[in-house]
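Presented below is the structure to which this report refers.
In what follows, every heavy atom counts, from backbone to side chain, and hydrogens, waters and symmetry copies are set aside. First the proteins, then the strands, lettered A, B, ... as listed; each starts at 1.
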Number of protein chains: 2
Amino acid sequence: MNDIADMLRAKGLKVTPQRLAIYQLLCGTTTHPSAEDIYKALMPTNPTISLATIYKTLDSFRSVGLVQELSVGNGRSNYDAAVHTHPHIVCTCCNAIQDFHLEHVEALHQEAAEKTGYVVEREQLLFYGICPACQAAGKTNCNPEPKD
Amino acid sequence: MNDIADMLRAKGLKVTPQRLAIYQLLCGTTTHPSAEDIYKALMPTNPTISLATIYKTLDSFRSVGLVQELSVGNGRSNYDAAVHTHPHIVCTCCNAIQDFHLEHVEALHQEAAEKTGYVVEREQLLFYGICPACQAAGKTNCNPEPKD
DNA sequence: TGTTAGATGATACTTATTATTATTCAATGA
DNA sequence: TCATTGAATAATAATAAGTATCATCTAACA
């Protein structure tokens, strides 16, 4: 079969059209969609897919480490098919979520363990600011404090 | 008046018993309570306080920078009266949220700005692991993957 | 002390997510 | 290839966090 199917089987998950569609969608985007985003994106090609299936599938994928779940504070979860942990930056203006790379993340991990005595399993490094596009559009202060 | 009252006035907020109670509670704890936690904690002394007031007050406080809101992925917001940004570590076993200090956080901020082109406003550095108490209790793998 | 803008409390509502359950289907082996 | 079976799906009800609404109340200030 194809690679994705083999990978799902290797993780102990049955291969279904829904799972393939969800995983392929996630692999082909850098936008960190929510469950609802995925549902809407798959509707045209998979009109009978259920939102409940999206949620359960994402949870299964997370359980076996195929995707990571982000909580950036927008009231829902966003998903990233990248397996290795990396920082994210969120535009407080257009709500885009972008991956980037920080040097020495392992050192932070280590430092956190030393400072706290925790056995550190993972981290979520989130930055918030204004993306270049919003800066260019002059939107320098879109959601500074939502309630102002 | 007292310091808290003056601070609220200085931020342009009216001083009410509810606001004083909420702020004092937050200042006197390191547990990062949720709105619901605060509501329950204040019930004995403020039996008529409304949950809606808690939410609105926390939002006002956040708007003026008196508290910071955390999204650690537990489906609700947790609040911290500390104004300066600092990392948090979450026990995946007992769900405790603990403050700690990391060196060179400003450098990360700077590096994020350089790597992404964003104007970086703030960050939320979250680590997940097993706290010393849970380790001592032998709970080394409590919520590794909630759905397993 | 009276006025008034803003705060509170009660509650209805929205939205994201989870639970339930009958049906369907992928994987396995005869 | 077909039957079996346990897991996955779809539909939908239920839950929970947070927000909106609005009548009442009160802190701030003249």
Side-chain angles (χ1 to χ4, degrees), chain A residues 1-2 4-23 32-40 42-43 45-64 66 69-79 95 145-148, chain B residues 1-2 4-23 32-40 42-43 46-64 66-67 69-79 95 145-148:
Chain A
M1 285 293 149
N2 65 62
I4 298 178
D6 288 342
M7 184 166 52
L8 291 178
R9 284 195 201 91
K11 297 284 189 179
L13 297 177
K14 283 190 180 176
V15 177
T16 69
Q18 293 85 346
R19 288 178 173 177
L20 291 174
I22 293 169
Y23 191 71
H32 308 83
S34 66
E36 185 77 33
D37 293 334
I38 294 169
Y39 181 56
K40 286 177 183 160
L42 292 181
M43 286 275 253
T45 49
N46 302 60
T48 67
I49 203 168
S50 163
L51 189 53
T53 298
I54 311 275
Y55 276 105
K56 279 180 260 187
T57 299
L58 289 169
D59 201 52
S60 300
F61 284 0
R62 186 187 45 71
S63 294
V64 300
L66 279 181
E69 186 179 1
L70 307 177
S71 298
V72 305
N74 57 10
R76 74 202 74 117
S77 288
N78 295 86
Y79 294 87
N95 301 308
E145 294 304 342
K147 201 42 165 294
D148 246 341
Chain B
M1 283 294 150
N2 64 61
I4 297 177
D6 289 341
M7 184 167 52
L8 291 177
R9 283 194 202 90
K11 297 283 190 180
L13 297 177
K14 284 189 179 177
V15 177
T16 69
Q18 293 84 349
R19 289 178 173 176
L20 292 174
I22 293 169
Y23 191 71
H32 308 84
S34 66
E36 186 77 33
D37 293 335
I38 294 170
Y39 181 58
K40 286 178 183 158
L42 292 181
M43 287 275 254
N46 301 58
T48 67
I49 202 167
S50 164
L51 189 53
T53 298
I54 311 274
Y55 277 107
K56 280 179 262 188
T57 298
L58 290 169
D59 201 51
S60 300
F61 285 1
R62 185 186 46 72
S63 294
V64 300
L66 279 180
V67 304
E69 184 178 2
L70 307 177
S71 298
V72 305
N74 57 9
R76 72 202 76 115
S77 289
N78 296 86
Y79 294 88
N95 301 307
E145 295 304 340
K147 201 41 163 297
D148 245 341

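- With rounding to whole Å, B/Leu8 atom CG is found 13 Å from C/dA7 atom C1'.
- Taking 4.5 Å as the limit, some side-chain heavy atom of A/Leu20 sits within range of a side-chain heavy atom of A/Leu8.
- Partners of B/Tyr39 by side-chain contact (heavy atoms from CB on, under 4.5 Å), not counting sequence neighbours, listed by chain and number: B/Glu36, B/Met43, B/Ile49, B/Leu51, B/Ile54.
- Scanning for side-chain contact (heavy atoms from CB on, under 4.5 Å) contacts around B/Met7 gives B/Tyr23, B/Leu66, with sequence neighbours left out.
- Under the salt bridge (charged side-chain N to carboxylate O under 4.0 Å, His left out) criterion, B/Glu69 pairs with B/Arg62, not counting sequence neighbours.
- Following rounding to the nearest Å, B/Tyr39 (OH) and D/dG18 (C1') show an atom-to-atom distance of 14 Å.
- Between the A/Arg76 side chain and the A/Ala35 main chain, no donor and acceptor come within less than 3.5 Å of each other.
- Taking side-chain N and O atoms only, B/Ser34 has no distance below 4.0 Å to OP1 or OP2 of D/dG18.
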Each nucleotide N or O in nucleotides 27-30 of chain D that has a protein N or O under 3.5 Å away: list the pair and distance.
{"unit_1": "D/dA27", "atom_1": "O3'", "unit_2": "B/Val15", "atom_2": "O", "d": "3.4"}
{"unit_1": "D/dA28", "atom_1": "OP1", "unit_2": "B/Arg9", "atom_2": "NE", "d": "3.2"}
{"unit_1": "D/dA28", "atom_1": "OP1", "unit_2": "B/Val15", "atom_2": "N", "d": "3.2"}

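- The only option from B/Thr16, B/Leu13, B/Ile22 that meets the side-chain contact (heavy atoms from CB on, under 4.5 Å) definition with B/Thr57 turns out to be B/Ile22.
- Rounded to a whole Å, the CG atom of A/Leu42 is 14 Å from the C1' atom of D/dT9.
- Contacts of residues 46-53 of chain A with DNA chain D (heavy atom under 4.0 Å): A/Thr48, A/Ile49, A/Ser50, A/Ala52, A/Thr53.
- Of the charged side-chain nitrogens involved, none lies within less than 4.0 Å of a carboxylate oxygen, so that B/Lys56 and B/Asp59 do not count as a salt-bridged pair.
- Shortest non-hydrogen contact noted between A/Ser71 and B/Gly73 is OG-CA, 3.2 Å.
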* Asked: After noting the C-alpha distance and the side-chain angles of A/Phe61 and A/Lys11, does the key distance pass the side chain to side chain contact (heavy atoms under 4.5 Å, CB included) rule?
  -> CA-CA 9 Å; A/Phe61 284 0; A/Lys11 297 284 189 179; over 6 Å; no
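- For A/Ser34, the side-chain hydrogen bond (donor to acceptor under 3.5 Å, both in side chains) partners at least two apart in sequence or on another chain are A/Asp37.
- Counting heavy atoms from C-beta on, the side chains of A/Asn74 and A/Asn95 never come closer than 4.5 Å.
- A straight line from NZ of A/Lys11 to C1' of C/dA26 spans 20 Å, rounded to a whole angstrom.
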* Given the rule in the side chain to side chain contact (heavy atoms under 4.5 Å, CB included) test, do A/Leu58 and A/Ile38 qualify, once you have shown the distances and angles that lead to the verdict? -> CA-CA 10 Å; A/Leu58 289 169; A/Ile38 294 169; 3.9 Å; yes
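- A donor-acceptor contact under 3.5 Å is formed by the side chain of B/Lys56 with the base of C/dG9.
- Regarding A/Leu58, its CG atom lies at a distance of 10 Å from the P atom of C/dT17, rounded to whole Å.
- If you measure from atom CE of B/Met43 to atom P of C/dA10, you get 10 Å, rounded to the nearest angstrom.
- In the helix from C/dT1-D/dA30 to C/dA30-D/dT1, the rotation axis of the first five pairs and that of the last five pairs differ in direction by 30°, rounded to 10 degrees.
- Partners of B/Asn46 by side-chain hydrogen bond (donor to acceptor under 3.5 Å, both in side chains), not counting sequence neighbours: none found.
- The CG atom of A/Asp6 sits 16 Å away from the P atom of C/dA26 (whole-angstrom rounding).
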Pairs: protein N or O with nucleotides 12-16 of chain C N or O, under 3.5 Å:
{"unit_1": "C/dA16", "atom_1": "O3'", "unit_2": "A/Gly75", "atom_2": "O", "d": "3.4"}

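- In terms of heavy atoms, A/Val15 sits closest to A/Ala5 at CG2-O, 3.4 Å.
- Distance CZ (B/Arg19) to C1' (D/dC25): 14 Å, rounded to an integer number of Å.
- Distances shown here put a side-chain N or O of A/Gln18 below 4.0 Å from the OP1 or OP2 atom of D/dA10.
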